[in-house]
Amino acid sequence: MMSSWSRLIGSLLSLCFVCSGFFGSSALAVTGKEADAKLAKMIADITTTQQDSDDYEKLQSLNDEMLKYLKTVVVQPAVMSDPLKAAAKSGLTVLTSDDKKIRCYSWDTLTGGTMHFFYSLIVYDAGNNKLKTLVLNPTGNEGDPGSTFEDLDTVKTSDGKTVYLVRDLFIGSGMSHGRTISAYVIANGKLTKYPFFQTKKRILNAISFAFGEYDERACFELSSDKKTLKVPLIKEPPEDSPSSGIVTGKYLTYSFNGSKYVYQTK
């Protein structure tokens, strides 16, 4: 009789441990609405702290806490598919690819002065029902300001590859800016840079340019059919000028040939 009772109690205890583990795991999951609300509050706290105090350590801590939380929740399908409208309204940049396999996040940490410091990361579908993150900033290098995401486009090649074009903006100061367009692919469960831009001499996985005072003409222009990419032509400033470059209003043209963007010489 005692043996039967022992077996019964053992079974019940095992069931309790299993249930405890199951519900414990479930408790870690959040809905898109919950994540959106918390991210919006975290962004608001960063903004309020920057406006109301000079406590740099607290401000840095709030940004680090947000990055830690973001890395945890963005790999959950419920968050990946949620528009995160409240967080975006508060200041979090959220860009999603056409095929829903990549999402880019960035925000201004407000830890800089005229130089803007941004935290940024990309979430991607690695296959086998797994979402992974690639943190672009912080990089671990002290003083790296990072950049904020501006656009995310999807291009299909003739051999079936899906290439993601990610555009970002760097703000060094009121007289120092830069933009980059980078090409990525998902291969073997990893998000990697992809050589996609054919210049006169080589193939690049990214194109960058720097310019001085902010100018609306200093933007990459991608046609609606994604066949033509225009890169602003920047003129070197005089040696005594604090500017990083002068916007000319002219462009270098790249045409998509089915496998890459090729620079068009006149």
Side-chain angles (χ1 to χ4, degrees), residues 15-49 59-110 117-140 146-154 162-168 182-194:
L15 180 61
C16 288
F17 286 132
V18 170
C19 290
S20 175
F22 175 78
F23 288 114
S25 298
S26 297
L28 297 175
V30 298
T31 66
K33 183 177 181 180
E34 290 169 338
D36 188 24
K38 183 163 184 175
L39 288 168
K41 184 180 184 306
M42 296 179 96
I43 284 280
D45 288 344
I46 290 170
T47 302
T48 300
T49 299
L59 190 60
Q60 186 63 56
S61 177
L62 289 173
N63 278 288
D64 291 340
E65 287 176 12
M66 179 165 166
L67 178 63
K68 182 178 179 180
Y69 177 73
L70 194 64
K71 287 167 62 178
T72 301
V73 298
V74 293
V75 293
Q76 299 185 29
V79 178
M80 183 72 165
S81 60
D82 193 281
L84 303 178
K85 291 182 178 180
K89 186 176 181 179
S90 295
L92 178 66
T93 297
V94 183
L95 303 176
T96 309
S97 63
D98 296 335
D99 59 6
K100 313 298 182 185
K101 290 190 175 183
I102 280 188
R103 179 172 271 190
C104 300
Y105 297 92
S106 62
W107 73 94
D108 194 329
T109 65
L110 302 180
F117 285 77
F118 298 97
Y119 276 4
S120 60
L121 63 87
I122 300 178
V123 186
Y124 61 97
D125 185 343
N128 297 320
N129 297 315
K130 289 184 179 179
L131 295 173
K132 295 182 179 180
T133 60
L134 174 64
V135 178
L136 299 184
N137 203 55
T139 61
S147 56
T148 182
F149 293 116
E150 291 191 305
D151 290 285
L152 172 58
D153 295 282
T154 306
T162 301
V163 184
Y164 303 94
L165 299 181
V166 179
R167 286 180 263 178
D168 61 60
S182 303
Y184 291 90
V185 295
I186 300 173
N188 301 318
K190 292 183 178 181
L191 183 68
T192 59
K193 288 284 190 72
Y194 182 70

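Please read these numbers as outputs of a predicted model, since none were measured by experiment. Only heavy atoms go into these numbers, but all of them, side chains included; no hydrogens, no water, no symmetry mates. We number each residue from 1, following the sequence as shown.
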Measuring from Tyr164:OH to Ile186:CD1, what's the distance to the nearest 0.5 Å?
4.5 Å

Would you confirm whether Ser106, through its side chain, and Phe149, through its main-chain N or O, come within 3.5 Å as a donor-acceptor pair?
yes

For the backbone of Asp153 and the side chain of Arg167, can you confirm whether one donor and one acceptor N or O come within less than 3.5 Å of each other?
no

If you round to the nearest 0.5 Å, how far is CG of Leu121 from CG of Leu134?
8.5 Å

Between Thr109 and Phe117 (side chain of the first, backbone of the second, donor and acceptor by atom type, cut-off under 3.5 Å), is there such a pair?
yes

Tell me, yes or no, whether the heavy-atom count around Lys89 atom NZ, taken from other residues, nucleotides or ligands under 6.0 Å, exceeds 12.
no

Let me confirm one number: the CG-CG distance from Leu59 to Leu62, rounded to the nearest 0.5 Å.
6.5 Å

If you compare all heavy atoms of Met80 against all heavy atoms of Lys100, which two are closest, and at what distance to 0.1 Å?
CE-O, 3.7 Å

Show the numbers, then the answer: is there a side-chain contact (heavy atoms from CB on, under 4.5 Å) between Val94 and Tyr105?
CA-CA 5 Å; Val94 183; Tyr105 297 92; 4.0 Å; yes

Considering all heavy atoms of both residues, which atom of Asp125 and which atom of Leu131 are nearest to each other, and what is their separation?
CA-CD2, 3.8 Å

Let me know which of Thr148, Asn63, Thr93 forms a side chain to side chain donor-acceptor pair (under 3.5 Å) with Trp107.
Asn63

Nearest non-hydrogen partners of Ala183 and Val163, listed with the distance
CB-CG1, 3.9 Å

For Thr139 and Asn137, which heavy atoms make the closest approach, and how far apart are they?
N-OD1, 3.4 Å

Taking side chain as C-beta onward, heavy atoms only, is Ile122 less than 4.5 Å from Thr133?
no

Contact summary for Asp99 and Ser97, nearest pair of heavy atoms:
OD1-OG, 2.7 Å

Interatomic spacing from CD in Gln76 to CG in Asp82 - rounded to 0.5 Å:
12.0 Å

Heavy-atom side-chain proximity of Lys193 to Ser182 below 4.5 angstrom:
yes

Asp168 vs Ser120 side-chain heavy atoms within contact, under 4.5 Å
no

Could you report the tightest heavy-atom contact between Phe118 and Ser147, atom names first, then the distance?
CB-O, 3.4 Å

Option from Leu95, Leu84, Leu152 for which side chain to side chain contact (heavy atoms under 4.5 Å, CB included) with Arg103 holds:
Leu84

side-chain contact (heavy atoms from CB on, under 4.5 Å) evaluation trace for Lys41 with Asp45
CA-CA 6 Å; Lys41 184 180 184 306; Asp45 288 344; 3.0 Å; yes

What distance do Leu92 atom CG and Met66 atom CE have between them, rounded to the nearest 0.5 Å?
4.5 Å

Between Val135 and Tyr119, is there a side-chain heavy-atom distance shorter than 4.5 Å?
no

Atom pair NZ (Lys130) and CG (Asn128), whose distance is rounded to the nearest 0.5 Å:
6.5 Å

